[in-house]
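Note sheet for the following structure.
Just so we're clear, the structure is a prediction, and the values are computed from it rather than from any experiment.
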Number of protein chains: 2
Amino acid sequence: MRYRKIPDESIRRLPVYLRGLLYFAETGAKGVSSEKLADFLHFNPAQIRKDFSYFGYFGIRGVGYDVNTLIKQTRNILKLGNKHKTALIGAGNLGKAILAYPGFGVYGFEILAVFDSDQAKIGKKISGRTVEDVSNLRTLKKRGISLGIVATPAPAAQQVADALVDAGITGILNFAPHHLIVPKKVKVITIDIAMELGRLPYYA
Amino acid sequence: MRYRKIPDESIRRLPVYLRGLLYFAETGAKGVSSEKLADFLHFNPAQIRKDFSYFGYFGIRGVGYDVNTLIKQTRNILKLGNKHKTALIGAGNLGKAILAYPGFGVYGFEILAVFDSDQAKIGKKISGRTVEDVSNLRTLKKRGISLGIVATPAPAAQQVADALVDAGITGILNFAPHHLIVPKKVKVITIDIAMELGRLPYYA
DNA sequence: CGCTGTGAATCATTTCACAGCC
DNA sequence: GGCTGTGAAATGATTCACAGCG
């Protein structure tokens with residue numbers, strides 16, 4: 001199994017596993033089996049075992065997994081061990097919500113810079129960060145910032161993405177309802193909130 | 001094809017197709033082929049044709065699709081034709097961003113009520129809506145509200161979901177980082193922002 | 001002729017079921 | 001004995017390739 005191609009879907013599940021494991025750690029559990037974790041997260045136990053097995057042997061047969069070890073290993077796999085310096089582009093309502101969202105800290109993301117193109121916002125402080133002019137994006141490389149969160153309107157998104165790529169960014173979390181075209185080495189994850197809601201009435 | 005089970009993935013793509021079609025309509029295009037739409041959205045043309053074919057014959061062989069007809073049909077399939085009365089639970093930063101987000105309107109969602117459990121927020125106005133006490137959720141049925149957006153912290157989410165189900169809601173868009181347990185008839189779509197970001201460093 | 005609609009083929013993911021090991 | 005780790009089987013989704021039709 002060790003040599004096989006790892007499905008993207010497995011990577012998608014790892015952060016979910018991590019959350020489950022953090023929950024078990026909180027409750028004071030030392031060990032956990034794939035079945036207990038699966039029950040908690042509503043997954044299939046075999047899938048959990050297989051997903052982890054792509055990356056190594058983390059469990060003990062007949063016993064299960066050590067919670068803290070598996071947390072550490074999962075963080076390793078996802079490269080969440082060290083802090084990730086992140087820039088936010090777009091200081092509108094969504095941007096503000098992102099800044100205030102506690103979830104980012106848990107995964108080691110530090111939003112160190114905030115950019116906008118609106119002169120009225122530039123220079124103002126939001127959640128302790130001064131909003132900078134979007135034309136300064138090229139300073140990101142110098143500042144060691146390697147991830148970008150795009151929270152601009154759709155028409156500006158591609159332009160911002162281009163600037164982020166130029167600034168040497170390696171990953172983009174895109175909230176704009178627009179498909180971003182970037183070089184293959186840059187990973188884009190798009191979250192389109194209205195799009196998700198758009199399929200809800202279908203099931204009603 | 002008509003009789004087959006429709007993959008969830010197809011439903012997930014329909015709102016994306018709709019956005020592409022709206023773009024073509026804006027540019028004044030009368031007709032569009034599966035290939036042109038696929039180019040624009042970065043999909044496979046056969047997939048687009050197959051996805052639509054689950055629901056009927058919408059195209060003309062040798063010609064393509066009529067943009068406006070296909071928009072109407074897609075809206076029909078997704079049941080976006082009529083307005084959807086929606087309640088928002090959680091008037092924090094995320095809730096505020098959701099209220100300000102223009103995307104909902106496009107798909108016909110009207111956020112008619114906002115709830116919170118924080119006494120300091122109840123009674124205050126946000127984006128023109130008065131924040132109500134979360135204990136009044138049972139009034140939703142009377143008010144004809146059938147969808148709920150959960151933007152509360154994780155620990156409160158399940159309780160809120162239970163109350164929404166009791167109030168006769170048929171769909172939930174969940175932003176809380178927590179798996180919601182609801183009856184099968186209720187559809188839940190969860191968007192966990194930190195979780196999406198959590199897999200970004202892996203690809204770096 | 002050109003593009004849709006769709007069976008068939010391919011490819012990917014999930015689940016099963018059990019050998020292997022603590 | 002019990003749980004992991006994993007080939008093999010089953011399931012599901014995507015893409016191909018072309019028949020069918022305007």
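Taking the nucleotide of DNA chain D with the nearest heavy atom to each of A:Gly64 and A:Asp51, the more 5' of the two is matched to A:Gly64. Remark on DNA chain C: of its neighbouring residues A:Asp8 and A:Ala46, the 5'-side contact belongs to A:Asp8, judged by nearest-heavy-atom nucleotide. Heavy-atom distances to DNA chain C give each of A:Ser10 and B:Ser34 a nearest nucleotide, and the one nearer the 5′ end belongs to B:Ser34.
Closest heavy-atom contact between B:Ala113 and B:Glu132: CB-OE2, 3.7 Å. Here the shortest heavy-atom pairing between B:Lys141 and B:Asp166 reads NZ-O, 4.3 Å. Contact record, B:Phe115 with B:Ala87: CE1-CB, 4.1 Å, taken as the closest heavy-atom pair. Nearest heavy atoms, A:Tyr101 versus B:Phe175: OH-O, 4.2 Å.
Summarising the geometry, the separation between CZ on A:Phe58 and P on C:dC21 is reported as 19 Å, rounded to the nearest angstrom. Rounded to an integer number of Å, the gap from CD1 of B:Ile6 to P of D:dG12 is 15 Å. B:Gln47 places its CD atom 20 Å from the P atom of C:dA8, with the value rounded to the nearest Å. In this structure, the CZ atom of B:Arg12 is 16 Å from the P atom of D:dG12, given to the nearest Å. Here C:dG5 presents its P atom at 13 Å from CZ of B:Phe55, a figure rounded to the nearest Å. Distance, B:Tyr65 OH to C:dG2 P: 18 Å, rounded to whole Å. Atom CZ of B:Phe52 is separated from atom C1' of C:dT6 by 16 Å (rounded to the nearest Å). Note: CD (B:Glu9) to C1' (C:dC11) measures 15 Å, nearest angstrom.
Interface remark: the B:Lys50 side chain does not form any donor-acceptor pair with the D:dT14 base, using a distance-only criterion of under 3.5 Å.
Nearest nucleotide to the side chain of A:Arg61, out of C:dT14, D:dG22, D:dT4: D:dT4. Of the listed nucleotides (C:dT14, D:dA13, D:dG5), D:dA13 has the atom at the smallest distance from the side chain of B:Lys5.
At C:dT6, one or more side-chain N or O atoms of B:Tyr57 fall inside 4.0 Å of OP1 or OP2 (strictly under the cut-off). Remark: B:Ser33 is not in phosphate contact with C:dC3, judged by side-chain N or O atoms under 4.0 Å from OP1 or OP2. Residue A:Asn44 places at least one side-chain N or O closer than 4.0 Å to OP1 or OP2 of C:dC16.
Within the 4.0 angstrom heavy-atom criterion, only backbone atoms of the sugar-phosphate kind lie near A:Arg13; the bases stay farther away.
Centroid-to-centroid, the aromatic rings of A:Phe52 and A:Tyr57 stay 6.0 Å apart or farther.
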